[in-house]
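Following: one structure in structure tokens, then a few remarks.
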Amino acid sequence: MSRMDKLVNCFYKRPNAVTRLFCFPWAGGGSLFYAQWGRLLDESIEVCSIRLPGRESRHSEPFSPSMDQIVDEVAAILLPQLQEKSFAFFGHSFGSFTSFATAVRLKEKYGLEPVHLFVSGAAAPHVSLRVHSHTVDLLQKFLQLKILPMPLTGDVSALCAWISASYVQMDETVADISAACEYTLCTGVKPLTPGKSQTLNNQIQYITVSLSKGCHTAVS
């Protein structure tokens with residue numbers, strides 16, 4: 001299996017498509033859900049779903065311990081395809097951070113940028129608190145069961161460091177949350193130039209409402 005086939009799942013290949021849409025999964029998610037979006041979009045768009053290490057056909061690989069490692073792999077492997085034709089990114093929750101970070105890296109290093117960046121279910125990258133309320137509730141239950149050795153006092157960095165040290169090899173969800181928690185936007189580079197094309201917007205909003213079953217509609 002090639003590096004591209006390991007990273008990208010594409011159920012509906014469209015070599016004559018005008019644009020490729022790359023979808024980044026939520027914490028712990030695989031590629032199968034978003035790969036199905038291809039049947040809902042017209043022939044001008046090819047949907048490519050990202051498959052990260054530690055899940056599906058890559059289950060034997062260790063989880064990526066940091067956002068930098070995820071972005072390094074995605075950017076390097078996708079580069080040939082991104083140089084062929086226009087592309088867009090979609091990410092939900094943890095995928096919002098990975099898609100944003102990848103877009104920033106591509107613009108900084110290669111001068112490439114997506115025609116549109118769709119994100120949902122996540123705070124802006126400059127916001128320090130990355131642990132969603134439902135995640136905190138779950139960790140509080142762990143604390144009650146004495147699984148966590150420290151109280152949750154709002155020190156997100158300390159919490160994430162403990163998660164990374166203790167649980168990163170046990171569950172892909174926790175590994176992804178750890179990577180998101182440690183990600184810091186340390187550049188002034190914006191992933192999109194104002195005024196870029198938004199031709200995919202209506203189609204993406206439609207499929208997120210139709211398929212996500214309660215997820216927020218994607219917004220640019």
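Start at 1 with the first residue, then count along the sequence.
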Hey, does [Y] have a side-chain heavy atom less than 4.5 Å from the side chain of [X]?
X   : Y   : result
V8  : I77 : no
I45 : V18 : no
F63 : R55 : yes

Sidechain-backbone polar pair: R14 side chain, D42 backbone, donor-acceptor under 3.5 Å: yes
side-chain contact (heavy atoms from CB on, under 4.5 Å) assessment of L82 paired with Y110: CA-CA 10 Å; L82 301 181; Y110 303 106; over 6 Å; no
Partners meeting salt bridge (charged side-chain N to carboxylate O under 4.0 Å, His left out) with R105 (sequence neighbours left out): D68, D72
For E61, all residues meeting salt bridge (charged side-chain N to carboxylate O under 4.0 Å, His left out), sequence neighbours excluded: K6, R58
Partner residues of S31 under the side chain to side chain donor-acceptor pair (under 3.5 Å) criterion, sequence neighbours left out: N9, E56
Contacts of type side chain to side chain donor-acceptor pair (under 3.5 Å), residue S2, not counting sequence neighbours: D5
Plane angle bin for Y34 and F90 - parallel if under 30°, tilted between 30 and 60°, otherwise perpendicular: perpendicular
Sequence neighbours excluded - salt bridge (charged side-chain N to carboxylate O under 4.0 Å, His left out) pairs with any residue from residues 82-101: R20-E84
By side chain to side chain contact (heavy atoms under 4.5 Å, CB included) - contacts of T102 (at least two apart): F24, V71, V74, F89, L106
Rounded to the nearest 0.5 Å, how far apart are [atom1] of [X] and [atom2] of [Y]?
X    : Y   : atom1 : atom2 : result
R3   : L7  : CZ    : CG    : 9.0 Å
H92  : T98 : NE2   : OG1   : 11.5 Å
I70  : F94 : CD1   : CZ    : 3.5 Å
W37  : C48 : CH2   : SG    : 13.5 Å
T19  : L21 : OG1   : CG    : 9.0 Å
H116 : F87 : NE2   : CZ    : 13.5 Å

Connected-component partners of Y12 among ILVMFWY, side-chain separation under 4.5 Å: F11, L32
Distance-minimising heavy-atom pair for S96 and G91: OG-O, 3.0 Å
Sole residue of S64, P62, S60 in side chain to side chain contact (heavy atoms under 4.5 Å, CB included) with P53: S64
